[in-house]
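The block underneath contains the structure these notes are about, expressed in structure tokens.
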2 protein chains.
Amino acid sequence: MKKAHAKTNRPAARDPVRTREALLNAAFAEIHRSGFRSADVDAILRVAGVTKGALYHHFENKEALGYAVVDVVVADIMRQKWQVPLRDAENPINALIAVLKGTSLEKHDIECGCPLNNIAQEMSPLDEGFRRRTAKLFREWQGAIAKTLREGRAHGDVDQGVDPDQSSTFLIAAYEGYISLAKNSQNGADLKAGLDAMVRYLDTLRVQPTDRLQASRPPRS
Amino acid sequence: MKKAHAKTNRPAARDPVRTREALLNAAFAEIHRSGFRSADVDAILRVAGVTKGALYHHFENKEALGYAVVDVVVADIMRQKWQVPLRDAENPINALIAVLKGTSLEKHDIECGCPLNNIAQEMSPLDEGFRRRTAKLFREWQGAIAKTLREGRAHGDVDQGVDPDQSSTFLIAAYEGYISLAKNSQNGADLKAGLDAMVRYLDTLRVQPTDRLQASRPPRS
DNA sequence: AGCAACATACATACTAGTTGGTATGCTGTC
DNA sequence: GACAGCATACCAACTAGTATGTATGTTGCT
């Protein structure tokens, strides 16, 4: 009996779940391009194919919509990219390298940057609700990498000298930094070079011969 | 007849240089806090102690004011913090470490983040004028560090295995990354830990005994 | 005197949010 | 099992506030 509405991206009449998702997806795209404050609500409605009434039925205001975008859409993107591949990986270093190599070098993605970092940078000083939400996602991200490294260390794939928390934070900082630089230069080669540097760093975290000093691994306690 | 308005921060009557500087400084502060697009022109005027007429006498529009802020104020901040100390440094590694240690851990500075990166992140995808200007400053910054490292290598203070360009870009990416994370967490200890990690990395760039393999130095060609 | 350097008041445009109303589908009742 | 009753889902037009930018007037140097 479910209405099989066909081709448009406009949600079928009376399909609140679809409507809500259409709004979230459209809002995410608009926010990703323009930032939250400059995100045009009317543009979101046009893409979602609904009107103001629908929006303000599902969300109290623009801020609540933005919160939901972070809680649902951005959170899902990050978890799909990082947590899921790391969760059931045989070798953590290989898995991390694979994730890095999976980073898009598409023009559009480079120009828009990291959605999580974008919102965090824009809203952290201005809105505690956004700040807490993005900080939570950063913590989850950092914790997932640290956990993987810790397990890899126990399993003999990661060197004992590695501090999982420091290395994890370092990886995230470098990753976001390179993405930021590439967003500015609009040059995919810059991001590629940065990711390559990170891959080389990750290789240094593998188990090393114990007789060799390892002074040159940056993040250690 | 000269109105001897003494105590306010309002520029002296008929002092165009002062007026222009007051506008630039007020605009920088406002943009640093709120970003360019959400920067309130009236708030800038209030802080600068002038009116719309003065603003639009000196600048064609808000965009031109923003461009000037980047070209003058932000450029000066970056050069004072990096280029100047590096220019006449005896030891480049020591100088870079000193610059890092000079990074403010004040609450206000952590919450606002790096002015250059802020504007670059916000405006790069939206305005080519801003993008070119910020990209130029990043290039200058990157070039200055690379030059220092190159000279240090020739002088015997930096290891021959170091690629000045890659290491320089890496330093900037990590620096901006850590600042971004701290801006989000609003935790000065996070930034401190990141800077410490960078200092440890910088120490690995010093001349090393040649018989030791140095696989674990991230940015190399 | 005449132009640069401002101030004041106002026009114009945009945009988040509201209001009042309509259509749809579920649910309990007979 | 059908229909009254009702809550949910949505629409279109409007409002109120805010933002940039402008038109015009005034003041002070040189």
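Nothing here was measured: the structure is a model prediction, and the numbers come from that model. By convention in this document, chain letters (A, B, ...) are assigned in the order of the sequence lines, proteins followed by strands, and residues within each chain are numbered from 1.
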From the options C/dA4, C/dA7, D/dC10, select the nucleotide whose nearest atom is closest to the side chain of B/His57.
C/dA4

Just jot down the side-chain contact (heavy atoms from CB on, under 4.5 Å) partners of B/Arg79, sequence neighbours excluded, or say none.
B/Ala75, B/Gln83, B/Leu137, B/Glu140

If the condition is side-chain contact (heavy atoms from CB on, under 4.5 Å), which residues does B/Asp165 pass it with, not counting sequence neighbours?
B/Gln142, B/Ala146, B/Arg150, B/Asp163

d(CZ, B/Arg46; C1', C/dT8) in whole Å
16 Å

On the nucleotide D/dC10, are OP1 or OP2 found under 4.0 Å from the side-chain N or O atoms that A/His58 carries?
yes

What is the separation between atom CG on A/Leu45 and atom P on D/dC10, rounded to the nearest whole Å?
12 Å

Can you tell me which residue among A/Trp82, A/Phe170, A/Tyr201 is in a ring-ring contact (aromatic ring centres under 6.0 Å, His included) with A/Tyr175?
A/Trp82

According to a strict under-4.0 Å criterion, is B/Thr19 in side-chain N/O contact with OP1 or OP2 of C/dC6?
yes

Rounded to whole Å, CG of A/Leu55 lies from P of C/dT18 at a distance of 11 Å

State whether A/Phe36 and A/Lys62 meet the cation-pi test: NZ (Lys) or CZ (Arg) under 6.0 Å from the six-membered ring centroid, and within 45° of the perpendicular axis.
yes

Can you tell me the distance, in whole Å, between the CZ atom of B/Phe59 and the P atom of C/dC6?
11 Å

I'd like to know if B/Lys136 and B/Asp71 make a salt bridge, using a cut-off of under 4.0 Å between side-chain N and carboxylate O.
no

For B/Lys81, is the NZ atom crowded, meaning more than 12 foreign heavy atoms sit under 6.0 Å from it?
yes

I'd like a list of close polar pairs between nucleotides 19-22 of chain D and the protein, N/O only, cut-off under 3.5 Å.
unit_1, atom_1, unit_2, atom_2, d
D/dT20, OP1, B/Ala39, O, 3.1
D/dT20, OP1, B/Val41, N, 3.4
D/dT20, OP1, B/Lys62, NZ, 3.3
D/dT20, OP2, B/Val41, N, 3.4
D/dG21, OP2, B/Tyr56, OH, 3.0
D/dG21, OP2, B/Lys62, N, 2.9
D/dG21, N7, B/Lys52, NZ, 3.3
D/dG21, O6, B/Lys52, NZ, 2.9

